[in-house]
Chemist: 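Sharing a structure, written as structure tokens. Questions coming.
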Number of protein chains: 2
Amino acid sequence: MRQDNRLPRVLHALLHLSDMKDPATSEQLAGMLNTNAAVVRRTMAGLRDQGILISIKGHGGGWQLARPLEKITLAEIYEALGAPTLFALGCNNENSQCLMEKAANAATARALQKASETFIGILSSVTMADLAVDFEKRLAELGLSPDDPHHSGDHHH
Amino acid sequence: MRQDNRLPRVLHALLHLSDMKDPATSEQLAGMLNTNAAVVRRTMAGLRDQGILISIKGHGGGWQLARPLEKITLAEIYEALGAPTLFALGCNNENSQCLMEKAANAATARALQKASETFIGILSSVTMADLAVDFEKRLAELGLSPDDPHHSGDHHH
DNA sequence: AATCATGTAACTTTTAATGTTACGTGATTC
DNA sequence: GAATCACGTAACATTAAAAGTTACATGATT
């Protein structure tokens, strides 16, 4: 399949949302994420259902954070995205009758399972606030104050 | 992209090879793996180049293990396959100018990196001999002796 | 009533593994 | 030494799921 960029994209979007006073429209976010408004709506729908985001219809509407960054873990976000398939690698015939295939699949699955636990474990230990701190650090490294415009990037609004 | 089944497939193939006296043709292995001879040749080419397998042309030829199972780790096999992309998930714009995107990508990449290390670590600690032991256990659980035919499966030779 | 923005469906595009076909090359057998 | 066997490899079709795209319905604001 094609590479799944939803997680990093959503993280990126949430950082921008945390930086805005008014709701951001899907169109605006699409510009920041270099994609399409429909993709934004589709991708963020899960986060809305999960209570991480709020979507507002009509004039002046758009997307807003439903909670402070401290109360959003990356694991929650991943779950809200539907916990999409993590691995490009997998076992084909999971219910084969061949015992050798079963042994081969079991060994592969064990390694993947442990890797998955590591992944989820790290996501659980990181909040969006941690990302915001990382962002501020990067900003400071460029010699800019936090009051300077944050959205310096290659997106075109 | 489509799911990558090369690793478990190759593990399965090596177990069968370890169980045979004569070289197995790509055609035979394809039957065991429910695939095509050309796929077998393509997939196993890396293992041959890496010195894990030997391929023999001509009459009576086919594929053989180049070493005992104890001396083949799963990590070597994964490497021999070209260390194919492990994750279905990834960051899109790795060299973005947007600091928020950088922070989002970095957090995602960190989690993936740790998961990858876990995966490789496990593969490094397991040898094909361990898989053979697992296979024998499964065989014993069915009340069969190791001398009974091993290749009871859903493949059609 | 007009406009804005989300919600959603339907369809196309993309990308890499897998499946398939075909043919070249080297080794074995008679 | 000719036929056959089996690998080596290229070229192309198929597949699957995310992403891109288009279109339109629904609800909110002015």
Chemist: With nearest nucleotide decided by heavy atoms, which residue, B/Q3 or A/G62, maps closer to the 5′ end of DNA chain C?
Modeler: A/G62

Chemist: Could you state the CZ-C1' distance from B/R41 to C/dG24, rounded to the nearest angstrom?
Modeler: 12 Å

Chemist: Nearest to the side chain of B/H59, heavy atoms from C-beta on, is which of D/dG27, C/dT21, C/dT28?
Modeler: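 The answer is C/dT28, which lies nearest to the side chain.
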
Chemist: Given D/dC7, C/dG7, C/dT15, identify the nucleotide with an atom nearest to the side chain of A/R2.
Modeler: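 For the A/R2 side chain, the nearest candidate turns out to be C/dT15.
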
Chemist: Which of parallel (below 30°), tilted (30 to 60°) and perpendicular (above 60°) describes A/Y78 and A/F119?
Modeler: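 Perpendicular: the ring planes of A/Y78 and A/F119 meet at over 60°.
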
Chemist: Among C/dT18, D/dA19, D/dG8, which is the nearest nucleotide to the side chain of A/D4?
Modeler: D/dA19

Chemist: Would you mind reporting whether B/E117 and B/Q113 have side-chain heavy atoms less than 4.5 Å apart?
Modeler: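 B/Q113 reaches B/E117 side chain to side chain.
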
Chemist: Nearest to the side chain of B/R6, heavy atoms from C-beta on, is which of D/dT22, D/dA6, C/dT18?
Modeler: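 The nucleotide sitting nearest to the side chain is C/dT18.
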
Chemist: Looking at every strand, decide which applies to A/T85 at a 4.0 Å heavy-atom threshold: base, sugar-phosphate, or nothing.
Modeler: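 Nothing: the residue A/T85, judged by heavy atoms under 4.0 Å, touches no strand.
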
Chemist: To the nearest angstrom, how far is A/E27 atom CD from C/dA5 atom P?
Modeler: 9 Å

Chemist: Are A/L14 and A/I77 side-chain neighbours, meaning at least one heavy-atom pair lies under 4.5 Å?
Modeler: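 When only atoms from C-beta onward are counted, A/I77 and A/L14 do touch, with a gap below 4.5 Å.
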
Chemist: Can you name the nearest heavy-atom pair linking B/A103 to A/L15, along with the distance?
Modeler: CB-CD1, 4.1 Å

Chemist: Which ones in residues 102-115 of chain A lie close to DNA chain D, meaning a heavy atom under 4.0 Å from one of its atoms?
Modeler: none

Chemist: Once you round it to whole Å, what is the distance between P of C/dA16 and CZ of B/F87?
Modeler: 17 Å

Chemist: Looking at the base of D/dG8, is there any donor atom on it, or on the side chain of B/R48, that sits under 3.5 Å from an acceptor on the other one?
Modeler: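 Counting by modelled atom types and ignoring angles, no donor-acceptor contact under 3.5 Å is found here.
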
Chemist: In Å, rounded to the nearest 0.5 Å, how long is the span from CG of B/L131 to CG of B/L69?
Modeler: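 The CG atom of B/L69 is 8.5 Å from CG of B/L131, to the nearest 0.5 Å.
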
Chemist: Below 4.0 angstrom from OP1 or OP2 of C/dG19, is there any side-chain N or O of B/R9?
Modeler: yes

Chemist: So what does A/A30 touch, heavy atoms closer than 4.0 Å: a base, only the sugar-phosphate, or nothing?
Modeler: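 Nothing, no heavy atom under 4.0 Å.
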
Chemist: Measure CZ/A/R42 against P/D/dT21 and give the value in whole Å, please.
Modeler: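 To the nearest whole Å, that distance equals 11 Å.
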
